[in-house]
Amino acid sequence: MRATTIHAPGDIRVEEVPDPVITKPTDAIIKVTAGCICGSDLWPYRGHNDITAGDTIGHECIGVIEEVGSEVTDFAVGDFVIVPFDHCDNTCAHCRYGMQSACVNLGMTASGQAEYALVTQANGSLVKTDGMPDEALVPSLLALSDVMATGWHAAVAAGVRKGGTVVVVGDGAVGLCGVLAAAQMGAERVIAMSRHEPRQDIARQFGATDIVAERGREGAARIADLTEGIGADAVLECVGTDDAIKTAFAVARPGSTVGFVGVPHGVELPVRKMFQKNVGMAGGMAPVRRYLPELLELTLSGAINPGLVFDLTLPLEESPEGYRAMDERRAIKVLLRP
């Protein structure tokens, strides 16, 4: 099959690789109809993560079931499905507790930017639609495989409440979906931290009531002004850098929680500030399957349209250009069509 592979920092290629095969009875193979590039894929692209040359890359996809293992009873060949990036059996103790991202049989999508992808726990992971979806729904359904569920997880972890004030740190696809989640959960004020006009526009469409373009101490001071010195009732940290974490805790009001979903790189927690302000921290890798049924219903009803985060669509063969566009911030999120 044709798949996106990574060979070194900045070296993305589209090559022929072996097709995935079913090796366990819980497996399923998906013919990918749409995949995409995630902000977290930029970490290895920029040289911040270890790379094994030639590995496939990409963990977000939707598509049609091509083949199933003998124990896959809830799905059949031809079903259109959303593939959570983190696979789970949805029956173990951690899954039953709502932490499907810590499933004892955890698996990960490894070739979402390809013609085919393998799901290791199909029965527990996949969620199907009622027949083939309209083409207009494809971007939003694809967003549910990761970024919308991750933004939602940040809002849940932070304890977003109806009528509250929320600050979202980060204006990538996850941050924008965090804005959408906070607004959907009834936050009265949603402050998006963003310096980029196209992202600000989407944040407003998703429900942001205020935009703060400043960063660091200036950004924290601006939010203090907006909240009359109180700070945010909930903060969504959607970047993963040390600066983003420090900003999140600087704008959090005493007794609040920072929901963090940005993959952490070089982060040192401000433990003394957390202690002094009684500010907690919760979150991590999103248990996508936990949220998928609700998010799918909201999407199909038209209540949310997370697909707006895709501002560039390319054929799979042009995925290297998609990486360049996101790295250079010419695109928020790139959708790839095999």
Side-chain angles (χ1 to χ4, degrees), residues 1-20 29-64 66 80-87 107-119 135 137-150 171-177 196 198-199 202 240 263 288 306-338:
M1 69 174 181
R2 300 294 284 169
T4 302
T5 57
I6 186 166
H7 296 261
D11 186 357
I12 295 288
R13 309 175 193 176
V14 179
E15 300 180 305
E16 291 285 342
V17 303
D19 291 351
I29 294 172
I30 310 300
K31 182 176 177 60
V32 176
T33 59
C36 57
I37 301 171
C38 184
S40 64
D41 294 329
L42 296 181
W43 289 112
Y45 181 78
R46 292 169 173 165
H48 298 299
N49 287 6
D50 293 337
I51 294 169
T52 301
D55 274 358
T56 57
I57 190 170
H59 54 268
E60 300 164 278
C61 66
I62 55 176
V64 177
E66 181 87 358
F80 187 93
V81 292
I82 301 163
V83 182
F85 76 88
D86 42 0
H87 312 159
M108 296 285 177
T109 303
S111 59
Q113 300 163 21
E115 293 179 301
Y116 295 95
L118 178 71
V119 180
E135 184 65 24
L137 279 172
V138 165
S140 286
L141 296 178
L142 179 57
L144 302 189
S145 69
D146 182 353
V147 290
M148 185 62 225
T150 297
D171 64 355
V174 170
L176 294 171
C177 287
H196 303 271
R199 298 166 190 243
I202 294 175
V263 181
V288 176
L308 289 176
V309 298
F310 292 102
D311 56 348
L312 179 61
T313 298
L314 295 172
L316 175 64
E317 293 295 329
E318 295 182 26
S319 64
E321 168 56 21
Y323 275 83
R324 287 190 291 270
M326 286 182 61
D327 181 48
E328 297 165 6
R329 297 183 77 83
R330 292 185 282 112
I332 300 170
K333 191 167 179 67
V334 177
L335 189 150
L336 299 172
R337 302 300 298 253

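Just the heavy atoms: all of them, side chains too, but no hydrogens, waters or symmetry mates, feed the values below.
Considering all non-hydrogen atoms of both residues, Ala173 and Val147 come closest at CB-CG1, 4.0 Å. Minimum heavy-atom separation, Gly39 to Met326: N-CE, 3.9 Å. The shortest non-hydrogen separation linking Pro84 to Thr109 is O-OG1, 3.6 Å. Closest approach of Val14 and Leu316 over heavy atoms only: CG2-O, 3.4 Å. The two residues Val263 and Ser40 come nearest to each other via the heavy atoms CG2-CB, 4.3 Å. Here the closest non-hydrogen pair linking Pro139 and Leu335 is CA-CD1, 4.0 Å.
With rounding to the nearest 0.5 angstrom, the CG atom of Leu118 is 12.5 Å from the CD atom of Glu66. Distance check, rounded to the nearest 0.5 Å: CD1 of Ile202 to CD1 of Ile332 gives 3.5 Å. The CD atom of Glu115 sits 8.0 Å away from atom CG of Asp19, with the distance rounded to the nearest 0.5 Å. Considering CG of Leu42 and CZ of Arg46, their distance stands at 4.5 Å, rounded to 0.5 Å.
The salt bridge (charged side-chain N to carboxylate O under 4.0 Å, His left out) analysis of residues 307-326, with sequence neighbours excluded, yields the pairs Arg2-Glu317, Glu321-Arg324, Glu321-Arg330.
Listed by chain and number, the residues in a side-chain hydrogen bond (donor to acceptor under 3.5 Å, both in side chains) with Gln113 are Asp41, Tyr323 (sequence neighbours excluded). With sequence neighbours excluded, the residues forming a salt bridge (Lys or Arg N to Asp or Glu O under 4.0 Å) with Asp171 are Arg199, Arg329, listed by chain and number. The side-chain hydrogen bond (donor to acceptor under 3.5 Å, both in side chains) check on Glu16 picks up nothing, with sequence neighbours excluded. The side-chain contact (heavy atoms from CB on, under 4.5 Å) test applied to Thr5 returns His7, Arg13, Glu15, Val17, Thr56, not counting sequence neighbours. Considering only residues two or more places apart in sequence or on other chains, Asp55 meets the side-chain hydrogen bond (donor to acceptor under 3.5 Å, both in side chains) condition with none of them. With sequence neighbours left out, Ser140 forms a side-chain contact (heavy atoms from CB on, under 4.5 Å) with Thr299, Asn305, Pro306. Listed by chain and number, the residues in a ring pair (Phe, Tyr, Trp, His ring centres under 6.0 Å) with His196 amount to none (sequence neighbours excluded). For Ser111, there are no side-chain hydrogen bond (donor to acceptor under 3.5 Å, both in side chains) partners two or more places apart in sequence or in a different chain. Residues satisfying the side-chain contact (heavy atoms from CB on, under 4.5 Å) criterion with Pro44, sequence neighbours excluded, are Ile6, Asn49, Ile51, Ile57. Residues satisfying the ring pair (Phe, Tyr, Trp, His ring centres under 6.0 Å) criterion with His59, sequence neighbours excluded, are Phe85.
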Pair Val138-Arg337, side chain to side chain contact (heavy atoms under 4.5 Å, CB included): steps then yes or no: CA-CA 11 Å; Val138 165; Arg337 302 300 298 253; 4.0 Å; yes
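Cys177 has its side chain out of reach of Thr150: every pair of non-hydrogen atoms, C-beta onward, lies at least 4.5 Å apart.
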For residues 29-38, tabulate all N or O donor-acceptor pairs below 3.5 Å that involve a side-chain atom, not counting sequence neighbours.
| unit_1 | atom_1 | unit_2 | atom_2 | d |
| --- | --- | --- | --- | --- |
| Thr33 | OG1 | Ile62 | O | 3.3 |

